[in-house]
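Report on one structure; see the data block that follows.
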Amino acid sequence: MLDSQLLRKDLDAVTSQLARRGFQLDKPGFQALEDQRRQLQTRTQELQNQRNKQSKAIGQAKARGEDIQPLRDEVADLGDQLKQAEAKLRELQAVLNDTLMGIPNIPHESVPDGLDESANVEIRRWGDPTQFDFAVKDHVDLGTQLGQMDFETAAKLTGSRFAVMSNGIARLHRALTQFMLDLHTTEHGYVETYVPYLVNADSLRGTGQLPKFEEDLFKLQGEHEYYLIPTAEVPVTNIVRDVIIDDDYMPRKYVCHTPCFRSEAGSYGKDTRGMIRQHQFEKVELVRVVRAEDSYQALEELTANAEEVLKRLKLPYRLVALCAGDMGFSAAKTYDLEVWLPAQDTYREISSCSNFESFQARRMKARWRNPDTGKPELVHTLNGSGLAVGRTLVAVMENYQRADGSIEIPEVIRPYMGGMTEIKPS
RNA sequence: GGAGAGCUGGCUGAGUGGUCGAAAGCGGCGGUCUUGAAAACCGUUGACCCGCGAGGGUCCGGGGGUUCGAAUCCCUCGCUCUCCGCCA
């Protein structure tokens, strides 16, 4: 959510900055709502003031043992007037709030112009695309031929966009997760965190998935209004919702491994093969809660933390700065990490690292107490994948494949697999 | 699942429907004393909204209701705790 003060004071600037990401703000509409609100709020407060004064007078008169009936008659219809004004104001504020909740974040000045991914800007590359002297297979062929990846059985159990893994591949999948968690906790200073995989609507509103993107989520049936988490970002970031963090506990760095559930509505026909786009996948998520002035430095660090996973796995990748129009709703700036996938002969997203500035914090009322002023201030929140485990598995399988269809295990992962060096057919 | 008790400021915890945004204590901050610290003493100390300001308004778990007036009464939802039952 944007700062409503900013919208009031500088509507033109906000409108043009939002236009950079292709969002059209209804300026006259917003202005009209805002004017109405101001009028109604003043009027309501006047009435409240009147009521408070008169009620107090009644109380005092009663304490002195005077007859209060004349005073009561005076305020007879005040209550009705006030009730009406309050109801109208509430209605208007709800409309205004809905409008506000539907406005995306303002792109940071360093974000490149552009409305789609073609305008994204490559920042740097690491490693060279893996060379093979044989025809490469994709992870589906590799996994199926090893007898350790089974999409048909998954379709039987549930439906499309799910996977069953077994044996070495299943273990590799788990080992990658452990490796990432260990790296981020022991070397990058993140605190390992375990959270619920079901969240309520308030949490989803806090991080920006609701109200606009409900169709992307799996919602539970039953007495509770719970949703499956689409990313650990939601439960982890909401840890600081409605909290004023003590300065001693700033900044906060969380790492959290969870499954993620996404309906992938609207992605029909996209990445239908294999593990690239699943309804359920594992992710190790990095979340930071920092002071406003530190958030862009923190974004660079967090991105570097995610890159380190790829470096240790010796997977070639590139770093891309998303243009204004390609960023997610809540982000002020986003870097994507794209890993080299030989079978697709291209780089594919494996991590997305964003600074949300105060956009989520304002929705969540997440603040910290500034010792200099003694006042609570909104925090800045960031998150990034470190990394998406399913896609990392895909990248390892494809980049470490051999001519015979076996897969070499990256050195840093071997300790997590009891010293195994390769995966061969079951 | 059954029965009961709660939810008040950073924390603990008072609060007869009427100058209660809320006693008191702790903690924090500032000061006196001290070479310094501790102790003691004095002072100070919630958040949010509207307004240039003076000032006004809202907030006692969330929402709704009764009333001229609600922390206090009623309804509802959420959460916590205790006992019983069941259980990985």
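By convention in this document, chain letters (A, B, ...) are assigned in the order of the sequence lines, proteins followed by strands, and residues within each chain are numbered from 1. All of these numbers come straight from a predicted model, not from anything done at the bench.
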**Message:** Between A:Arg414 and A:Glu408, is the salt bridge (charged side-chain N to carboxylate O under 4.0 Å, His left out) condition met? List the steps.
**Reply:** CA-CA 10 Å; A:Arg414 291 177 192 173; A:Glu408 188 190 342; 3.2 Å; yes
**Prompt:** If you draw a 6.0 Å radius around NZ in A:Lys311, do more than 12 non-hydrogen atoms from other residues or ligands fall strictly inside?
**Reply:** yes
**Prompt:** In the strands shown, is B:rC86 matched to any nucleotide by a Watson-Crick or G-U wobble pair with both distances under 3.5 Å, and which?
**Reply:** none
**Asked** With both distances under 3.5 angstrom, what nucleotide forms a Watson-Crick or G-U wobble pair with B:rG30?
**Response** B:rC42
Only distances under 3.5 Å count here; give the side-chain donor-acceptor pairs of residues 211-219 of chain A to other protein atoms, sequence neighbours excluded, each with its distance to 0.1 Å.
| residue | atom | partner | partner atom | Å |
| --- | --- | --- | --- | --- |
| A:Lys212 | NZ | A:Gly102 | O | 3.3 |
| A:Glu214 | OE2 | A:Tyr227 | OH | 2.7 |

**Fill in**
Given protein heavy atoms under 4.0 Å, the one-letter contact record of nucleotides 7-20 of chain B, with B base, S sugar-phosphate only and - none, is simply -----------BB-
**Check: A:Gln297/A:Glu301 side-chain N/O donor and acceptor closer than 3.5 Å** = yes
**Request:** Look through every strand shown and name the nucleotide pairing with B:rC11 as Watson-Crick or G-U wobble, where both distances are under 3.5 Å.
**Result:** B:rG25
**Fill in**
Within residues 81-96 of chain A, those residues having any heavy atom closer than 4.0 Å to RNA chain B are A:Lys83, A:Arg90
**Message:** I'd like to know if A:Gln45 reaches the base of B:rG56 with its side chain such that a donor and an acceptor end up less than 3.5 angstrom apart.
**Reply:** yes
**Message:** Between B:rG9 and B:rC26, how many Å separate the two C1' atoms, rounded to a whole number?
**Reply:** 13 Å
**Message:** Checking base pairs now: Watson-Crick or wobble, both atom distances under 3.5 Å. What partners B:rC48?
**Reply:** B:rG57
**Prompt:** Given that both distances must come in under 3.5 Å, which nucleotide forms a Watson-Crick or G-U wobble pair with B:rG36?
**Reply:** none
